[in-house]
Number of protein chains: 2
Amino acid sequence: MTIENFPNHELDVAELAMALEQMTRFMIRLPSVDKMSFTSLSVLHTLTLKSPLRLTELAATEQVTQSAITQLVTRLERDGLAERRADPKDGRVVQVHITPEGAKVIESRRDERIAGLGRYVDGLSLEQQQSIAAAIPALQRLAELGNGKQP
Amino acid sequence: MTIENFPNHELDVAELAMALEQMTRFMIRLPSVDKMSFTSLSVLHTLTLKSPLRLTELAATEQVTQSAITQLVTRLERDGLAERRADPKDGRVVQVHITPEGAKVIESRRDERIAGLGRYVDGLSLEQQQSIAAAIPALQRLAELGNGKQP
DNA sequence: CAATTTATATAAGTTACTGATATAATTGGC
DNA sequence: GCCAATTATATCAGTAACTTATATAAATTG
């Protein structure tokens with residue numbers, strides 16, 4: 001499979017994918033590395049988008065086993081970043097809630113990324129900045145589509 | 001630190017960061033998950049950009065210890081994805097070369113991302129696609145800046 | 001050329017995962 | 001309404017990938 005197999009867009013998808021790959025590679029290194037695992041950060045991030053979630057729902061989105069999520073949430077709970085609560089409707093279910101402290105972890109990492117990104121945006125020309133600014137709504141929409149949000 | 005602290009660009013950096021965060025969240029799930037670790041994939045990716053690299057150079061870019069890289073490269077070598085070679089100029093040094101098979105791992109994951117992304121790009125309007133297409137050169141430049149490339 | 005520095009390797013311990021299984025609550029057929 | 005099957009979470013044992021500390025070997029420096 002090569003670039004030539006994806007010609008049917010106004011947009012060169014392979015180029016977009018490569019550009020985003022390079023952006024990700026760059027941005028992933030911006031936040032100071034605390035010693036949280038990739039999966040723990042991803043779970044916290046998921047919970048900032050939607051909290052509470054069941055353990056099973058987390059296991060599905062994070063692509064790890066239910067056992068891993070049970071253990072992971074136990075660690076998050078121990079560290080005060082999330083809480084287990086019972087579901088009044090269904091006694092089997094554990095609802096995982098993010099705590100303010102847990103949300104702060106994600107927020108501060110985001111702020112670090114924003115600050116780091118800003119330093120490099122300064123190196124772009126006005127026209128370059130404007131072209132990116134003009135694309136943001138479409139990128140947001142694309143991410144919505146990819147993340148399974150309804151239109 | 002909040003959005004209001006970054007007003008000095010043509011571009012709302014916080015919005016860009018959020019949009020890229022959402023895009024990353026989406027694209028990271030596109031490739032079929034083989035059982036390689038995040039760090040191993042990252043090392044292979046780094047080696048597709050520049051090979052060979054010394055163990056020490058890899059340790060620096062990947063933000064893990066030298067010990068971890070030594071062990072990781074041993075696993076990559078065992079799996080035929082990378083090779084150690086001696087540096088003729090410096091007997092202490094090990095140069096890590098990516099193999100064709102190792103490059104194929106990264107390439108096939110990239111192809112999966114491109115294919116997955118393409119399916120969602122179809123859901124965008126022509127204007128949305130064009131706005132993203134127009135931003136790609138600027139995003140490439142921004143990624144270059146972030147990844148420390150010379151102008 | 002001895003002392004220091006640099007590059008990699010090894011050893012021991014820890015953490016975060018997987019797979020298999022256990023427990024408890026709910027649901028569905030009759 | 002009750003029992004079997006299903007669903008949701010937890011636990012246990014084992015493994016993989018990391019950490020820190022230390023060892024070894026080559027290069028540099030004074």
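In the text below, chain A, chain B and the rest are named by the order of the sequence lines, each starting its count at 1.
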Heavy atoms under 4.0 Å is the rule here; annotate nucleotides 8-19 of chain D 5' to 3' with B where the base is hit, S where only the sugar-phosphate is, and - elsewhere.
SBBBB----SBB

For DNA chain C, note the earliest and the latest nucleotide, 5' to 3', having some atom under 4.0 Å of a heavy atom belonging to chain A.
C/dA16 to C/dT26

Strictly by modelled atom types, are B/R75 and B/S37 linked by a side-chain donor-acceptor pair under 3.5 Å?
no

Atom pairs and distances, donor-acceptor, side-chain atoms in residues 87-96 of chain B, under 3.5 Å, two or more places apart:
| residue | atom | partner | partner atom | Å |
| --- | --- | --- | --- | --- |
| B/D87 | OD1 | B/K89 | N | 2.8 |
| B/D87 | OD2 | B/Q95 | NE2 | 3.2 |
| B/D90 | OD1 | B/R92 | N | 3.0 |
| B/D90 | OD1 | B/R92 | NE | 3.1 |
| B/D90 | OD2 | B/R92 | NH2 | 2.9 |

Pairing donors with acceptors under 3.5 angstrom, does anything connect the side chains of B/E62 and B/T39?
no

Could you check if a side-chain atom of B/L117 sits within less than 4.5 angstrom of a side-chain atom of A/L142, using non-hydrogen atoms only?
yes

Any idea which heavy atoms bring A/S42 and B/R29 closest together, and the distance?
OG-NH2, 3.9 Å

Side chains of A/T56 and A/Q66, donor plus acceptor under 3.5 Å
no

Per side-chain hydrogen bond (donor to acceptor under 3.5 Å, both in side chains), A/H97 is matched among A/R85, A/R84, A/E83 by A/R85

The helix from C/dC1-D/dG30 to C/dC30-D/dG1: angle between terminal helix axes, five bp per end, to the nearest 10 degrees, reads 20°

I'd like to know whether A/T61 forms a side chain to side chain donor-acceptor pair (under 3.5 Å) with A/T46, so could you lay out the CA-CA distance, the side-chain angles of the two residues, the decisive distance to 0.1 Å, and finally the verdict.
CA-CA 8 Å; A/T61 57; A/T46 301; 4.6 Å; no

A/Q71 and A/S67: side chain donor to acceptor below 3.5 Å:
yes

Using side-chain heavy atoms (C-beta onward) and a distance below 4.5 Å, is B/R54 in contact with B/L58?
no

Which of residues 42-49 of chain A sit near DNA chain C, with a heavy atom under 4.0 Å from it?
none

With sequence neighbours left out, the residues meeting side-chain contact (heavy atoms from CB on, under 4.5 Å) with B/L30 are B/F26, B/M27, B/R113

List the atom of A/L44, the atom of A/M36, and the distance in Å for their closest heavy-atom pair.
CD1-CE, 3.9 Å

